[in-house]
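Because the structure is a prediction, the values reported are computed rather than measured.
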Amino acid sequence: METNELDFTRIVREYKGTIYTVCYMFSKDEDEVNDLFQEVLINLWKGIGKFRNECSMNTFIYRISLNTCISVDRKNKRTKQKERLSMNANLFCDEDNDAKQIRQLYDRIHRLAPVDRAIVLLWLDNVSYEEIGQIIGISTKNVSVKLVRIKEQLKKM
């Protein structure tokens, strides 16, 4: 698929929510999420010419996003952790009960292995088991089994 800047811009505009959601699942830090988002866009730009309509564009975007975030996550674990400066101000802090439960769920999800995190993300995004399997590279049955195990692991946390 030959693409130009206008096509790329349209694709990014259409799927930026998906890309951002994947990036958010791999970091809680706003700056890191933005860095991951930028890395995904770079890899998407490099890889968009290889898209052959063998899967949906959504599946392709998920695959690029997840592979990028998992690769960066692995690279960061191998390198020395950087100390981040904190402003001690969270403009997005919401203190109601629902927000606390959502933060608790995301905190638990962040403790999962990268591939398990990806599976949960896709499941929460109502992606079918078949498409999750295509994105992750496992069978539909294996998706089902992994989700049961992941849910149990989240309950134990």
Side-chain angles (χ1 to χ4, degrees), residues 1 3 8-9 11-87 90 92 101-157:
M1 170 181 166
T3 188
F8 183 75
T9 302
I11 290 168
V12 170
R13 202 171 288 130
E14 186 174 340
Y15 293 98
K16 69 181 175 186
T18 299
I19 297 168
Y20 180 78
T21 301
V22 172
C23 294
Y24 181 75
M25 293 304 286
F26 283 84
S27 179
K28 296 178 194 175
D29 181 75
E30 188 176 351
D31 291 333
E32 281 183 26
V33 170
N34 291 331
D35 290 345
L36 285 170
F37 189 87
Q38 188 173 15
E39 282 293 319
V40 171
L41 292 184
I42 291 167
N43 288 336
L44 184 59
W45 176 257
K46 290 177 182 177
I48 197 76
K50 299 173 187 169
F51 180 67
R52 304 279 183 246
N53 290 320
E54 294 170 356
C55 61
S56 71
M57 180 59 78
N58 192 45
T59 300
F60 184 74
I61 298 293
Y62 266 120
R63 182 170 273 158
I64 296 275
S65 301
L66 288 169
N67 287 341
T68 300
C69 290
I70 289 170
S71 295
V72 169
D73 189 58
R74 285 181 183 152
K75 184 177 114 184
N76 288 343
K77 286 182 179 173
R78 283 182 288 193
T79 60
K80 187 176 180 181
Q81 291 294 332
K82 301 172 189 162
E83 187 174 332
R84 295 212 168 259
L85 298 176
S86 175
M87 298 290 287
N90 185 354
F92 305 102
Q101 287 182 335
I102 290 170
R103 275 195 308 277
Q104 184 181 30
L105 174 64
Y106 279 107
D107 286 342
R108 290 179 181 186
I109 291 171
H110 277 282
R111 289 189 265 166
L112 295 172
V115 174
D116 291 347
R117 218 179 306 162
I119 291 170
V120 169
L121 162 72
L122 294 167
W123 179 74
L124 288 173
D125 218 13
N126 293 320
V127 176
S128 71
Y129 284 22
E130 184 178 330
E131 195 170 1
I132 292 172
Q134 289 175 353
I135 293 167
I136 302 296
I138 59 178
S139 71
T140 305
K141 181 67 177 169
N142 201 354
V143 170
S144 177
V145 170
K146 282 188 168 287
L147 271 171
V148 168
R149 291 179 182 162
I150 292 167
K151 288 176 190 176
E152 286 301 316
Q153 190 177 356
L154 289 171
K155 285 179 189 175
K156 290 178 183 176
M157 286 184 187

- Task: Check step by step if side chain to side chain contact (heavy atoms under 4.5 Å, CB included) holds for Glu14 and Ile61.
- Result: CA-CA 11 Å; Glu14 186 174 340; Ile61 298 293; over 6 Å; no
- Between Tyr129 and Val143, the two heavy atoms sitting closest are O-CG2, 3.8 Å
- Find out whether Ile136 and Lys146 are in side-chain contact, i.e. whether some heavy atom of one side chain is under 4.5 Å from a heavy atom of the other. no
- Query: By ring-ring contact (aromatic ring centres under 6.0 Å, His included), which residues pair with Tyr24, not counting sequence neighbours?
  - Reply: Tyr106
- Task: Could you go through the side chain to side chain contact (heavy atoms under 4.5 Å, CB included) check for Leu112 and Met157 one step at a time?
- Result: CA-CA 10 Å; Leu112 295 172; Met157 286 184 187; 3.8 Å; yes
- Can you tell me if Asn34 uses its side chain to pair, donor with acceptor, with the backbone of Glu30 under 3.5 Å? yes
- Under 3.5 Å: donor-acceptor pair, side chain of His110, backbone of Phe26: no
- May I ask you to decide whether Glu152 forms a salt bridge with Arg149, counting only side-chain N to carboxylate O separations under 4.0 Å? no
- Query: So how far is it from Tyr62 OH to Thr18 OG1, rounded to the nearest 0.5 Å?
  - Reply: 4.5 Å
- Using atom types as modelled and distance alone, determine if a side-chain donor or acceptor of Asp125 lies under 3.5 Å from a backbone N or O of Val127. no
- Measure across Leu44 and Ile64 and return the closest heavy-atom pair with its distance rounded to 0.1 Å. N-CG2, 3.8 Å
- Item | CD1-CD1 distance between Ile132 and Ile138, expressed to the nearest 0.5 angstrom | 8.5 Å
- Worked verdict on Gln38 versus Thr68 for side chain to side chain contact (heavy atoms under 4.5 Å, CB included): CA-CA 10 Å; Gln38 188 173 15; Thr68 300; over 6 Å; no
- Quick one: are Asp35 and Val72 in side-chain contact, heavy atoms under 4.5 Å? no
- Donor-acceptor pair between Glu39 and Ser71 side chains, under 3.5 angstrom: no
- Test Ser65 against Cys23 for side chain to side chain contact (heavy atoms under 4.5 Å, CB included), laying out the working first. CA-CA 7 Å; Ser65 301; Cys23 294; 5.9 Å; no
- Rounded to the nearest 0.5 Å, what's the gap from NZ on Lys16 to OG1 on Thr21? Could you check? 12.0 Å
- Message: Contact between Ile109 and Leu124 at the side-chain level, heavy atoms closer than 4.5 Å - yes or no?
- Response: yes
- Task: Give, for atom CG of Leu36 and atom CG of Asp31, the distance between the pair rounded to the nearest 0.5 Å.
- Result: 11.0 Å
- Mind checking the CG-CG spacing from Asn142 to Leu147? Nearest 0.5 Å is all I need. 10.0 Å
- Atom of Glu131, atom of Ser56 and distance for their closest heavy-atom approach: OE2-OG, 3.2 Å
- Message: So, taking the atom named CD1 in Ile150 and the one named CZ in Arg108, what distance separates them when rounded to the nearest 0.5 Å?
- Response: 15.0 Å
- Message: More than 12 heavy atoms of other residues, nucleotides or ligands under 6.0 Å from NZ of Lys151: yes or no?
- Response: yes
